[in-house]
Amino acid sequence: MQQLETLLSGISYQLLQGQIEAKIAALVFDSREAQVDTLFCCIVGTQTDGHQYLQKAYEQGCRFFLVQNKVIAPSDATLIQVQNTGSALAQLACAFYGHPSKDLKLVGITGTNGKTTTATLLHDLFTKLGYNCGLLSTVVNKIGTTSLTATHTTPNPIALNQLLREMVDAGCTHCFMEVSSHAIDQQRIGGLHFAAAGFTNITHDHLDYHHTFAEYLRVKKSFFDELAPTAFALVNTDDKNGQVMLQNTKAKRYSYALKTPADFKGKIIENSLGGLVLQINGQEVHTRLVGAFNAANLLLVYGIATELGQDAFEVLRVISELTHVTGRFEHLRSSKGLTAIVDYAHTPDALDNVLSTISAFQKEGRIITVVGCGGDRDKEKRPKMAAIAAAKSQQVILTSDNPRSEDPQQIIAEMEAGLDAIGAGKTLSVVDRQQAIKTAIMLAQPRDIILIAGKGHETYQEIKGVRTAFDDVAITQTLFNQLDK
């Protein structure tokens, strides 16, 4: 239980009615969780407005309400008005859980691609260096060695601060987290104290939410704008918008790059399916990770680790031990010489990077790409994804990703619109994803590489609001096993 008056001391508010000399057992923004001794925060979301559920929360016993709009409520209800309930909830959540981010070295990674890989590699590296660490990622959340299911790239502020508190209580000294543009825009990370922030890149994505690339860029930049002077920011200056992230930050500024001058400079010596040989600030290191995109991710990992005080040579030693992240360039081999690569690439830039990486060491066989696009998401990238797949593959199979509420055949038709005559001539459309993967395997010959893109780590497929088990890696391995018999 926390004193409501104390929690509110850190935010600007107006008490419309009632009294705040009370104890609160929990903060909630879902009316179904509202009950006696909870503070129900009426969040104005993209799909619904929490103010509409105030009466329902009241009927369940709740008497304390955080609002941003004027509402009518029973006389025994307490109404606390703020300018933005989303922002205020984040501040209240930090206070409710005792500002746990102040007791950790909290590192946030943002960008279109590479967030999951970089955050996970940092967690694995610091764990191998002997630290007790937390991880908040798209794939999994971790408190030390305990894994928890992740439902969002960045959790809501209540769940986020609760997880950070559990990390502190478990003795964690560091936490590495993905910071999505949605989370920044919706104030989920408000009030957190970041020790460091990393920027990977920014390309076409999430325009269904942000509407314009300029707005997407502004939101990403605002994360760096809010960093404290005690923090540091490390950005990829191979990306033309890397320096934009640093324009107004108060944090200490650092850069990393493969192609341009930077504080942390990398050079690819070798790149094959066996891994990368990199030169980082003049020191050579072999890693099992593959591709220029992973070389950039490792530069960011190295830079953050050393700026957090770790010995450079020890960091390089551990980097050489790190392995791929689940669903990120994860490759499988059949006994008959077929190779499949499963990757989360679900944006034009990510797909282009993965196919370019495969092309760099695919000298004899073909590239067969299986790819789809998610439903209820940015439609503009659909024709671009198909065009990239066709331009960089010898065979393309367009299929379903997570259609969600949309017609999967219509999604594929919108992808096909990006194909020219040559691209269309080497493209098949197979709506059923498992059948599409099976078709690719049946078409493949030894030395061919099959890329299965878009879902990566996901272990489900969502069709018409229903989720069913679906794991690209498991299905591909099963099909390989059947082929090998």
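As a basis for the values below, the full set of heavy atoms in this structure was taken, side chains included, without hydrogen atoms, waters or symmetry mates.
- Checked against side-chain hydrogen bond (donor to acceptor under 3.5 Å, both in side chains), H457 has the following partners two or more places apart in sequence or in another chain: R328.
- Counting only heavy atoms from C-beta outward, the side chains of F126 and V318 never approach each other to under 4.5 Å.
- Note that the CD1 atom of I319 and the CG atom of D124 stand 12.0 Å from one another [nearest 0.5 Å].
- With sequence neighbours left out, R288 forms a side-chain hydrogen bond (donor to acceptor under 3.5 Å, both in side chains) with no residue at all.
- The backbone N or O of G327 lies less than 3.5 Å from a partner atom in the side chain of E330, making a donor-acceptor pair.
- Between A345 and V354, the shortest heavy-atom distance links the atoms CB-CG2, 4.2 Å.
- Side chains of S12 and Q83: a donor-acceptor N/O pair is absent below 3.5 angstrom, by distance only.
- Between T427 and I397 there is no side-chain heavy-atom pair separated by less than 4.5 Å.
- Between the side chains of D376 and S405, a donor-acceptor pair is found at a separation under 3.5 Å.
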Test side chain to side chain contact (heavy atoms under 4.5 Å, CB included) on E307 and Y254 and set out the steps.
-> CA-CA 9 Å; E307 287 303 318; Y254 299 100; 3.3 Å; yes

How far apart are the C-alpha atoms of R433 and E462, what are their side-chain angles, what is the distance that settles it, and do they pass the salt bridge (Lys or Arg N to Asp or Glu O under 4.0 Å) test?
-> CA-CA 12 Å; R433 190 174 180 90; E462 186 176 338; over 6 Å; no

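- Here the side chains of T118 and T200 are in contact, with some heavy-atom distance below 4.5 Å.
- In this structure, a donor-acceptor pair under 3.5 Å is absent between the side chains of D239 and N236.
- The structure places CD1 of I341 at 7.0 Å from NE2 of H331, a figure rounded to the nearest 0.5 Å.
- The shortest heavy-atom contact between S320 and V285 is CB-CG2, 4.1 Å.
- Between N161 and R188, every side-chain heavy-atom pair lies at or beyond the 4.5 Å cut-off.
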Between T230 and K252, does a side chain to side chain contact (heavy atoms under 4.5 Å, CB included) hold up when you go through it step by step?
-> CA-CA 8 Å; T230 53; K252 294 183 284 293; 5.5 Å; no

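- Across all non-hydrogen atoms, the minimal contact from V44 to T85 is N-OG1, 4.0 Å.
- Judged purely by atom type and a 3.5 angstrom limit, T260 has no side-chain atom pairing as donor or acceptor with the backbone of A257.
- The distance from atom OG1 of T117 to atom CG of L289, rounded to the nearest 0.5 Å, is 7.5 Å.
- Counting only N and O atoms by type, the side chains of K392 and S356 include a donor and acceptor under 3.5 Å apart.
- For Q247, the side chain to side chain contact (heavy atoms under 4.5 Å, CB included) partners are K221, V244, not counting sequence neighbours.
- Side chain of D185 to backbone of S181: no donor-acceptor contact under 3.5 angstrom is found.
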I143 and L163: CA distance, side-chain angles, deciding distance, side chain to side chain contact (heavy atoms under 4.5 Å, CB included) verdict = CA-CA 8 Å; I143 300 175; L163 283 165; 4.2 Å; yes

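- Put simply, the side chain of L129 does not reach to within 4.5 Å of the side chain of D311, judged on heavy atoms.
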Starting from the C-alpha separation in whole Å, work towards a yes-or-no answer on salt bridge (Lys or Arg N to Asp or Glu O under 4.0 Å) for R317 and E321.
-> CA-CA 7 Å; R317 182 191 67 77; E321 299 175 357; 2.8 Å; yes

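- Considering only heavy atoms from C-beta on, I158 comes within 4.5 Å of L89 through its side chain.
- Legend: residues meeting salt bridge (Lys or Arg N to Asp or Glu O under 4.0 Å) with D169, ordered by chain and number and at least two apart, are R165.
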Let me see the working for Y302 and Y256 under ring-ring contact (aromatic ring centres under 6.0 Å, His included), right down to the final yes or no.
-> CA-CA 10 Å; Y302 175 87; Y256 71 96; over 10 Å; no

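- Checked by atom type, the side-chain pair S147/K142 shows no donor-acceptor distance below 3.5 Å.
- Between the T112 side chain and the T203 main chain, a donor and an acceptor come within less than 3.5 Å of each other.
- In this view, T145 satisfies the side-chain hydrogen bond (donor to acceptor under 3.5 Å, both in side chains) rule with no residue, not counting sequence neighbours.
- With values rounded to the nearest 0.5 angstrom, I411 atom CD1 is found 10.5 Å from T399 atom OG1.
- N113 and N353 are not linked by any side-chain donor-acceptor pair at a separation below 3.5 angstrom, with hydrogens and angles left out of the test.
- There is a side-chain donor-acceptor pair under 3.5 Å between E416 and S429.
- Contact annotation: the side chain of I367 approaches that of S359 to within less than 4.5 Å [non-hydrogen atoms, C-beta and beyond].
- Between Y131 and H174, the two ring planes are perpendicular [angle over 60°; tilted spans 30° to 60°].
- Side-chain contact annotation: E178 with T138, donor-acceptor N/O pair under 3.5 Å present.
- The backbone N or O of R404 sits nowhere less than 3.5 Å from a side-chain atom of N402 that would complete a donor-acceptor pair.
- Side chain to side chain, Q362 and D448 fail the donor-acceptor criterion of an N or O pair below 3.5 Å.
- Counting only distance, with no hydrogens or angles, the side chain of S334 and the backbone of L338 share a donor-acceptor pair below 3.5 Å.
- For the pair K455 and Y460, the cation-pi test (distance below 6.0 Å, angle within 45°) is passed.
- A pairwise comparison of heavy atoms in A295 and L278 identifies CB-CD2, 3.5 Å as the closest pair.
- Counting heavy atoms from C-beta on, the side chains of I358 and L451 come closer than 4.5 Å.
- Under the 3.5 Å distance criterion, the side-chain polar atoms of S393 are left unmatched by any main-chain donor or acceptor of V396.
- In this structure, the side chain of H182 does not engage the main chain of S180 through any donor-acceptor pair within 3.5 Å.
- Scanning all heavy atoms of the two residues, the minimum distance from S272 to F361 falls at CA-CD2, 3.8 Å.
- Shown here for C172 and G134, the closest heavy-atom pair between the two residues is SG-N, 4.0 Å.
- Note on residues 86-121: no pairs pass ring-ring contact (aromatic ring centres under 6.0 Å, His included), not counting sequence neighbours.
- Checking side-chain atoms of R382 against main-chain N and O of E414 turns up no donor-acceptor pair under 3.5 Å.
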Decide yes or no on side chain to side chain contact (heavy atoms under 4.5 Å, CB included) for T357 and F329, but give the supporting numbers first.
-> CA-CA 10 Å; T357 295; F329 215 87; 4.0 Å; yes

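- The backbone N or O of D263 lies less than 3.5 Å from a partner atom in the side chain of S255, making a donor-acceptor pair.
- Relative orientation of the F213 and Y216 rings is perpendicular, given thresholds of 30° and 60° on the angle between their planes.
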